[in-house]
Amino acid sequence: TILSPYQAEKVKYSSTSDWQDVSRGNIDPARPYRCSLPNYPDKYIDIFFYDGSISKSIAFEGVLYNGDKLVDRVKDGIVESRDYNQLVHLATDGESYGHHTPFGDMALAYGLKVRLEKEGFKLTNYAEYLEKFPPTAEVLVRNNSSWSCYHGIGRWKEDCGCSTGAQAGWNQKWRRPLREALDWLNNEISGIYYKEAKRYFKDIWQARNDYISILLDRSPETIKSFVQNNCTRELSSADIVDILKLLEMQKNAMYMFTSCGWFFSEISGIETVQIMKYAARAMQLAYEYGNRNLEDDFLEKLSEAKSNIKGYGSGKDVYKRFVKPSIVSRKQVVSHWAITSLFEDYPDITNLYCYKIKKHDYERVKKGSTILGIGRIELISEITTETNDMIFCLLNIGDSDFHCVIRGFAGSVEYQRIKEDLFNKLNNAPITEVIRGLDEHFGKEYWTLKSLFIDKKKKIIEELISEQLDEFSSLYERIYNDSYSSIMQLHEIEMPIPDEFKIAAQYTLARKYNHFVVNVKDLSDIDEFNEAFEIKEEAKRLDIKIDKSPSEKLFRSVLNQKILEFISDNTIDKCKEIINIIEVAEDLELKLDMKEAQNIYFQELSNGLTEFILNLAKSENYETDKEFVSEVLRLGEKLSFNLDKYYSLLSKNLIPVSSTRR
C-alpha cells in the first residue's frame with residue numbers, strides 16, 4: 001500500500017539496528033518498508049511512503065505549468081549518497097493534471113515521454129519495483145492516521161481544523177453529530193439486516209461482500225450463481241426480491257460513510273448531501289421490515305449539526321431541503337409515466353430510470369379542454385427485481401393542472417368498474433364529481449406536475465408555454481419592424497438606441513438567424529449563408545449580441561457526424577467537406593465545442609498518419625495520396641492540433657505538403 005510520510009512512526013534498517021523516530025515525516029521515501037502485523041507474526045504489509053515534498057510542489061507550487069520544471073523537481077528526489085536503486089514516487093490528486101492546473105496533463109506527458117528517460121530514469125510501478133528490490137527495512141505505522149489530516153482521522157468525525165473550501169468564520173462542528181447520526185443509523189440497519197438476512201445466508205457478512213458481483217452484472221445468471229454460493233436453500237422469486245432489498249440496504253448503509261462527506265467545509269455541500277441521500281435510501285428500504293420510521297430519530301440527531309450558511313439552519317433542515325425532494329417512491333414513478341404519457345407515446349415496454357415498465361392497458365378520453373386517462377402498468381425494478389402491478393387515473397384540466405391518483409391492481413373486474421364509473425362521470429357530470437370519484441376509488445393522495453423528475457418537468461413546461469412564446473415572438477417582431485426606420489435614423493445621428501428596442505431586436509434577429517441556419521441543407525457551402533451574414537451585420541450595426549447557441553449546437557452535431565463518416569469512408573471529398581464546415585462556422589463567428597471531433601481525429605486518424613506518410617513515397621497513387629495527406633493535415637490544423645512532427649516527417653521523406661495554418 002501507499003501511505004503519507006507522516007503516517008510512519010518508527011523505522012529500523014536491519015534486524016540488528018535500533019528503531020528510529022520518523023514521526024515528523026522524515027522517513028526516506030525512496031525505498032519500500034515491511035510492516036509486520038502485531039497480532040499475526042507471520043503476516044505483513046509492504047508499504048511505500050510517497051515523497052511528500054515533491055507531491056506538494058505539484059499540487060500547490062505551480063510545478064505543472066512547465067514540463068521541464070516538473071522533471072527538474074522530480075530529480076530532486078534522487079540522493080547520491082543512497083546505495084540502492086532509488087524510487088521517486090509521488091501522490092497527487094488526478095484533478096491536478098488539467099482541472100487544478102490547466103494543461104498539467106501536457107506537462108506530465110512531456111516529462112514522461114520526452115525528458116525522464118534522457119535523465120536516466122526508468123518508468124516503473126510498485127509491483128515491479130517490489131519484485132526486484134524487496135524491503136530490507138521495517139516500519140511501525142501511526143495508528144488512526146491518514147493522508148490528509150494531520151490530526152489522524154479527526155477530519156471524518158470532528159472539527160479538527162482540516163477542511164477544504166472553508167470561508168472565514170466557518171467551522172466543522174457539524175461533523176460530530178453527522179458521524180453520530182450515521183453511526184446510530186448503521187447500528188439500526190445492521191440489526192434489521194442481521195435479523196432478516198440470517199433466514200437466507202450461510203454467512204450474512206460474506207454475502208454482503210459478495211454482492212459486488214451483482215452490482216457489476218445484474219444478469220439472472222449472476223443472481224443465480226450468487227444464491228447458489230451464499231444461500232442455505234433454493235429461493236423463490238419473492239425470496240430473491242427480499243435478499244436484494246436487504247443487500248441494497250446494506251450497500252447504501254456503506255455508501256453513506258463515503259469519505260468526502262466529511263472532507264469539505266459545509267454540511268450543505270454536494271458531497272455531504274449525497275451521503276445523506278444514501279442514508280435516505282437505506283432508511284426507505286429498512287421501513288419495509290417492521291414499518292419503523294428511522295427518519296424521525298435520524299433527523300433529530302442531525303438537528304445538532306449546524307450549517308455555516310445563514311438560512312440553512314441545521315443538518316435536519318439541509319436534509320429536508322436537498323435530500324427529501326430526491327427520494328423517489330414507486331407511485332412517483334407511475335405518476336411520472338402517466339403525466340408524461342400525454343406528451344409522448346410510450347411503447348408497450350419502456351425503461352424509466354431503474355425500472356422496466358409494461359403497459360397492460362391505457363385509455364384516454366377528452367372533453368373540451370379536459371383529458372381523463374386511466375391505465376394499468378407493471379413496474380419491474382432492475383435493482384431488486386420486485387414487480388408491482390398498479391393502476392392510475394390522470395385528470396388534466398386546461399394546460400398545466402394535472403391530478404394523478406394511483407393504487408394497486410385488484411383484478412380486472414374492479415379495474416373495469418373504476419374505468420366505467422369515471423368515464424361516465426366525465427361525460428355526464430360536473431368536473432367536481434369526477435374529482436370526488438377519484439377520491440372514492442383511489443384515496444386523497446395525488447401527484448401533480450411537481451412530482452415529475454426534473455428533466456421531463458422542464459421539457460413539459462417548455463411545451464406548455466410554447467404557445468405563449470410564439471405570441472411573445474410575434475409581438476417582439478412587430479415592435480422591431482414597426483420601429484426599424486426610426487431607430488435607423490437615431491443610429492445615423494449617433495443617438496443612443498432605446499433598450500426597449502434593443503430587447504426586441506435582439507430576440508427577433510436571434511430567432512431569424514437561428515431559424516435560417518438550422519434550415520440550411522449544406523453547411524459546407526458558404527454561399528448558402530448570405531442571409532445569415534446580413535442578419536449578423538445588422539446586429540453589429542445595432543450593437544447587440546445575438547444568441548447563436550442553436551446554430552452552434554447544429555454545427556457541432558453535424559461536424560461530429562461528418563468526421564465519423566470520414567472514418568469509415570476515407571475520401572478526399574469527405575475531408576474537404578469537414579474543413580469547409582469548420583471554415584463556415586469560423587466566418588459565421590460561431591463558437592464550436594470541438595472536443596468530440598478532436599478526440600475522434602486523435603484516436604482514429606493521427607495514429608495512422610505516420611505509417612501512411614512513410615509509405616507515401618512508394619505509393620502507386622502518389623499524387624492522390626499526397627493530396628489526401630495534405631487535406632488530413634489541414635483538418636488537423638482546423639481542429640487545433642500541432643502537427644509539426646508530421647510535417648517534419650514529410651520533409652525528411654522529401655514530400656512537399658503545404659500547411660494552411662493562419
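One is the number of the first residue; the rest follow in order along the sequence.
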ask   = Between the main-chain N or O of Glu95 and the side-chain N or O of Asp93, is there a donor-acceptor pair closer than 3.5 Å?
value = no
inquiry  = Using the rule given for side-chain contact (heavy atoms from CB on, under 4.5 Å), can you reason through Leu244 versus Glu248, listing the C-alpha separation, both sets of side-chain angles and the distance that settles it, and then say yes or no?
reply    = CA-CA 6 Å; Leu244 291 176; Glu248 272 295 299; 5.6 Å; no
Lys306, NZ: over 12 other non-hydrogen atoms inside 6.0 angstrom = yes
message = Would you say CD1 of Ile327 has more than 12 non-hydrogen atoms from neighbouring residues, nucleotides or ligands within 6.0 angstrom?
response = yes
request  = Just say parallel, tilted or perpendicular for the rings of Phe257 and Trp262, cut-offs at 30° and 60°.
outcome  = parallel
request  = Would you check if the distance from the ring center of Phe103 to the ring center of Tyr110 is below 6.0 Å?
outcome  = no
inquiry  = Run the side-chain hydrogen bond (donor to acceptor under 3.5 Å, both in side chains) test on Asn599 and Gln603 for me, step by step, so that the C-alpha distance in whole Å, both residues' side-chain angles and the decisive distance to 0.1 Å come before the verdict.
reply    = CA-CA 6 Å; Asn599 287 338; Gln603 293 167 5; 5.1 Å; no
ask   = Does the side-chain contact (heavy atoms from CB on, under 4.5 Å) test come out yes or no for Lys301 and Glu180, once each step is laid out?
value = CA-CA 8 Å; Lys301 296 177 188 302; Glu180 290 173 350; over 6 Å; no
ask   = For Pro29, does its backbone N or O pair with a side-chain atom of His89 as donor and acceptor, under 3.5 Å?
value = yes
inquiry  = If you count every heavy atom of other residues, nucleotides or ligands that lies below 6.0 Å from Asn351 atom CG, does the total exceed 12?
reply    = yes
request  = Mark yes or no for whether Asn308, through its side chain, and Asn171, through its backbone, hold a donor-acceptor pair below 3.5 Å.
outcome  = yes
Neighbour count above 12 (heavy atom, 6.0 Å) for Tyr126 OH = yes
query = Is atom NZ of Lys545 surrounded by more than 12 heavy atoms (other residues, nucleotides or ligands) closer than 6.0 Å?
reply = no
ask   = If only atom types and distance count, is the side chain of Tyr211 paired as donor or acceptor with the main-chain N or O of Phe226 below 3.5 Å?
value = no
query = Counting N and O atoms only, with roles assigned by atom type, does the side chain of Glu138 sit under 3.5 Å from a partner on the main chain of Arg34, one being a donor and the other an acceptor?
reply = no
inquiry  = Walk me through whether Cys354 and Arg218 qualify under side-chain contact (heavy atoms from CB on, under 4.5 Å).
reply    = CA-CA 12 Å; Cys354 62; Arg218 292 191 178 275; over 6 Å; no
ask   = Are Arg31 and Tyr84 in a cation-pi setup, meaning NZ or CZ lies under 6.0 angstrom from the ring centre and within 45 degrees of the ring axis?
value = yes
request  = Decide side-chain contact (heavy atoms from CB on, under 4.5 Å) for Leu178 and Ile275; before the verdict, give the C-alpha distance in whole Å, the side-chain angles of both, and the deciding distance to 0.1 Å.
outcome  = CA-CA 10 Å; Leu178 174 64; Ile275 67 171; 4.1 Å; yes
ask   = Taking atom NZ of Lys12 as the centre, does the number of heavy atoms from other residues, nucleotides or ligands within less than 6.0 Å exceed 12?
value = yes
key: Side-chain (Trp147) to main-chain (Ile2) donor-acceptor, under 3.5 angstrom   = yes
task = Ignoring hydrogens and angles, tell me if any N or O in the side chain of Ser55 forms a donor-acceptor pair with the backbone of Ala91 under 3.5 Å.
result = yes
inquiry  = For Glu382, is the CD atom crowded, meaning more than 12 foreign heavy atoms sit under 6.0 Å from it?
reply    = yes
query = Taking the six-membered ring for Trp, are Trp156 and Phe263 parallel (under 30°), tilted (30 to 60°) or perpendicular (over 60°)?
reply = tilted
message = A quick test of your reading: do over 12 heavy atoms of other residues, nucleotides or ligands sit less than 6.0 Å from CD of Glu596?
response = no
note = What one should report as the nearest heavy-atom pair of Ser265 and Gln172 is O-NE2, 3.0 Å
query = Do the ring planes of Tyr33 and Phe49 sit parallel (below 30°), tilted (30 to 60°) or perpendicular (above 60°)?
reply = perpendicular
